[in-house]
Amino acid sequence: MADYQKIAHALQKSEGEPVHIRGWIYRTRSSGKLAFVVVRDESTIIQVVAEKERLPDEEFAGAQKALIESSVDIEGLIHEDERAPGGREIHATSFRVIQFAEDFPITEDHSTEFLLDNRHLWLRSRRLTTIMKIRHTVVGAIHEFFRSRGFYEFHPPILQPSQCEGGATLFEVKYYGDTTYLSQSWQLYAEAAVFALERVYDVAPTFRAERSKTSRHLSEFWMAEMEAAWMELDEATQYAKDEIKFVLRRVLEHHERDLAYLGRDPEILRALLDKEWPTIKYREALEVLAEHGMDVPFGKDLRTLEEEELMRHFDTPVVVTHYPKETMAFYKPRDPQHPDEALCFDMLAPEGYGEIVGGSQRSTDIEELMESLEQQGEDPRNYEWYLDLRRYGSVPHSGYGVGVERLLAWICALDNIKDAIAFPRTVTRKSP
Ligand code: 4AD
Ligand code: MG
């Protein structure tokens, strides 16, 4: 078979060297005897010059007539030309159209909704291609981070009989005449796993029926979670900081140009690597807010507005710990020193990107767990298996979850979380 080069590779060749590429037409214009066809592949774009004199008639006619997104297979010689994107173009010696595309529905200046309706086609845009590559690196880095620290990858069930993060956002699934739910978190199962594997992590689809339309919420997202036996709150927050820094480092290693293409200045991210990321208590966060005229009573969750105000006073991500116990998920333990606070944390991203990590130590007190479940209208009998974990060799343990799309939205400075996932699912969108 013919040997092809990636376009990025072809762009490194010198004047007169032969190349063979394949891809899709990105832009095209032609005059009588010349066609200028910009071709893209996964790696980048290059301009191809098709000249009537140098090609068989049929091939030149194809080059002239092929519309954008037609698939093509091209051989030619590299010509160095400063005006061409990438400083080189290909003078075609062979121009084969694999499929002549119909009129591509996406031209310029379309509404966001139109692009979402045509997501299966918009996926090919350089913008989404670039974001998906960075996503690949982010998820790869998360695997690398945990595996290199002795964590095992562990897979929980996705169909689960009960809630972990509150009944209000559960997606119900018909189950042989009965009902079950899509996973809101792997956590309860990971807590079972730490008694076998001690340190576990995963990256998996997660589902929340989020009825609010915001630029931060998806109904289906990917969460990277970890759970560790013998770990308390402090160590878990340190892990979260180390993990996010590790991910940033990998992204900066591989995607400096991609970030710049997306309009994100890589130096802003690089500057975070050598800084200490503060940990503050929720109570201290309230003080900062009060100093700036925002009075939030103890016990209230921080809303977007308040998180944004708080983060104006920091230039790195911040870990906020010890949120009020009463508003928290049932498994978050009371702080024995401050019984109205829970041993839990969120990590907030700078620049208004909000919560990217949520985690906690886990309550090991059966009475406290049953009481919290009842308070939230749950029947503790449905959690017997979970309570068993406190009956047979219970140990202190902690864990947290990173929202992959939240993290990516911040890293890439995206306006909306929907661009952090290929086919977003929200309250108003379930296709394509
Ligand atoms: O803070 P959350 O709800 O924490 C948990 O689910 C814990 N059980 C995790 C654990 O301790 N293992 O969710 C964790 C993170 C959030 O910080 C956020 O980044 C992301 O998941 N997240 C969402 N991302 C996109 N769309 C949504 N609807 C999200 N809900 C949470
Ligand atoms: Mg949370």
Side-chain angles (χ1 to χ4, degrees), residues 135 138 142 146 151 154 156 160 162-171 181-194 199-228 231 233 235-237 239-240 243-244 247 282 301-304 307 317-321 323-324 327-333 342-349 353-363 386 397-411 414 416-421 424-429:
R135 184 182 168 111
V138 166
I142 292 171
F146 285 114
F151 283 65
F154 172 74
Q160 300 182 4
S162 46
Q163 61 109 341
C164 175
E165 296 298 328
T169 59
L170 279 174
F171 273 113
Y181 306 98
L182 293 177
S183 171
Q184 293 175 309
S185 169
W186 83 327
Q187 184 190 316
L188 306 189
Y189 295 90
E191 286 188 59
V194 297
R199 291 177 168 220
V200 290
Y201 82 97
D202 88 332
V203 189
T206 305
F207 304 88
R208 306 252 175 116
E210 303 277 8
R211 283 167 220 286
S212 52
K213 284 188 239 165
T214 75
S215 57
R216 294 185 188 175
H217 288 91
L218 293 164
S219 304
E220 176 179 322
F221 61 101
W222 285 62
M223 193 159 22
E225 303 190 79
M226 70 82 105
E227 193 74 28
M231 190 180 281
L233 182 65
E235 200 183 340
T237 60
Y239 253 91
E243 178 187 353
I244 304 300
V247 169
Y282 164 86
D301 222 355
L302 299 183
R303 295 171 301 169
T304 305
E307 282 181 357
V318 174
V319 168
V320 181
T321 63
Y323 284 83
T327 60
M328 290 288 114
F330 72 91
Y331 55 76
K332 300 188 185 177
L343 298 175
C344 66
F345 76 99
D346 280 356
M347 186 190 291
L348 307 179
Y353 283 91
E355 179 194 334
I356 51 174
V357 185
S360 77
Q361 199 165 309
R362 315 308 190 188
S363 177
Y386 180 73
H397 60 288
S398 300
Y400 63 81
V402 179
V404 170
E405 292 78 11
R406 293 262 183 101
L407 176 60
L408 199 60
W410 167 55
I411 289 177
L414 306 179
N416 195 301
I417 195 169
K418 283 185 257 189
D419 275 353
I421 190 162
R425 300 289 178 248
T426 67
V427 67
T428 55
R429 179 164 295 280

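FYI, the numbering just counts along the sequence from 1. Atoms considered below: every heavy atom in the structure, side chains included; atoms not considered: hydrogens, waters and symmetry mates. Counting convention: from 1, in listed order, for ligands and their atoms alike. Keep in mind that this is a model prediction, so the values were computed, not measured.
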* Would you tell me which option among His217, Arg208, Arg425 has the nearest heavy-atom contact to atom 6 (O) of ligand 1? => Arg208
* From Glu355, does some N, O or S atom reach closer than 2.8 Å to the Mg ion (ligand 2)? -> yes
With a cut-off of 4.0 Å, which atoms of ligand 1 are near a heavy atom of [X]?
{"X": "Arg362", "value": "10 (C), 11 (O), 12 (N)"}
{"X": "Gly399", "value": "11 (O)"}
{"X": "Val357", "value": "17 (O)"}
{"X": "Met223", "value": "6 (O), 13 (O), 14 (C), 15 (C), 21 (O)"}
{"X": "Gly401", "value": "9 (C), 10 (C), 11 (O), 12 (N), 14 (C), 15 (C)"}

Inter-residue atom distance [X].[atom1] - [Y].[atom2], 0.5 Å rounding:
{"X": "Glu405", "Y": "Met223", "atom1": "CD", "atom2": "CE", "value": "10.0 Å"}
{"X": "Thr237", "Y": "Met231", "atom1": "OG1", "atom2": "CE", "value": "10.0 Å"}
{"X": "Arg211", "Y": "Thr169", "atom1": "CZ", "atom2": "OG1", "value": "9.0 Å"}
{"X": "Gln160", "Y": "Leu182", "atom1": "CD", "atom2": "CG", "value": "9.0 Å"}
{"X": "Phe330", "Y": "Arg362", "atom1": "CZ", "atom2": "CZ", "value": "10.0 Å"}
{"X": "His217", "Y": "Arg208", "atom1": "NE2", "atom2": "CZ", "value": "8.5 Å"}

Contact partition for [X] relative to ligand 1, non-hydrogen atoms under 4.0 Å:
{"X": "Tyr331", "result": "side chain"}
{"X": "Asp346", "result": "neither"}
{"X": "Arg216", "result": "backbone"}
{"X": "Lys332", "result": "neither"}
{"X": "Glu210", "result": "side chain"}
{"X": "Phe221", "result": "side chain"}

* To do: Could you verify whether a donor N or O on one side chain and an acceptor N or O on the other, from Tyr331 and Glu165, lie under 3.5 Å apart?
  => yes
* Answer with yes or no whether the side chains of Glu191 and Tyr386 bring together a donor and an acceptor at under 3.5 Å. => yes
* Parallel, tilted or perpendicular: ring planes of Tyr239 versus Phe146, cut at 30 and 60 degrees -> parallel
* To do: Could you check whether the rings of Tyr282 and Tyr323 sit parallel, tilted or perpendicular, using 30° and 60° as the cut-offs?
  => tilted
Quick one: nearest non-hydrogen protein atom to [atom], plus distance?
{"atom": "atom 9 (C) of ligand 1", "value": "Glu225 OE1, 3.3 Å"}
{"atom": "atom 17 (O) of ligand 1", "value": "Glu355 OE2, 2.6 Å"}
{"atom": "atom 18 (C) of ligand 1", "value": "Arg406 NH1, 3.6 Å"}
{"atom": "atom 19 (O) of ligand 1", "value": "Ile356 O, 3.0 Å"}
{"atom": "atom 7 (C) of ligand 1", "value": "Glu165 OE2, 3.3 Å"}

[X] versus ligand 1: do any nitrogen or oxygen atoms come within less than 3.5 Å of each other?
{"X": "Gly403", "value": "yes"}
{"X": "Gln187", "value": "yes"}
{"X": "Glu227", "value": "no"}
{"X": "Val402", "value": "no"}
{"X": "Leu218", "value": "yes"}

* Asked: Among Asp346, Ile244, Leu407, whose side chain to side chain contact (heavy atoms under 4.5 Å, CB included) with Val357 holds?
  -> Ile244
* Apply side chain to side chain contact (heavy atoms under 4.5 Å, CB included) to the pair Ser398 and Glu235, showing each step before the final yes or no. => CA-CA 9 Å; Ser398 300; Glu235 200 183 340; over 6 Å; no
* Where do Pro317 and Trp410 come nearest, in terms of heavy atoms and distance? -> CG-CH2, 3.9 Å
* Under the salt bridge (charged side-chain N to carboxylate O under 4.0 Å, His left out) test, which residues partner Glu243, sequence neighbours left out? -> none
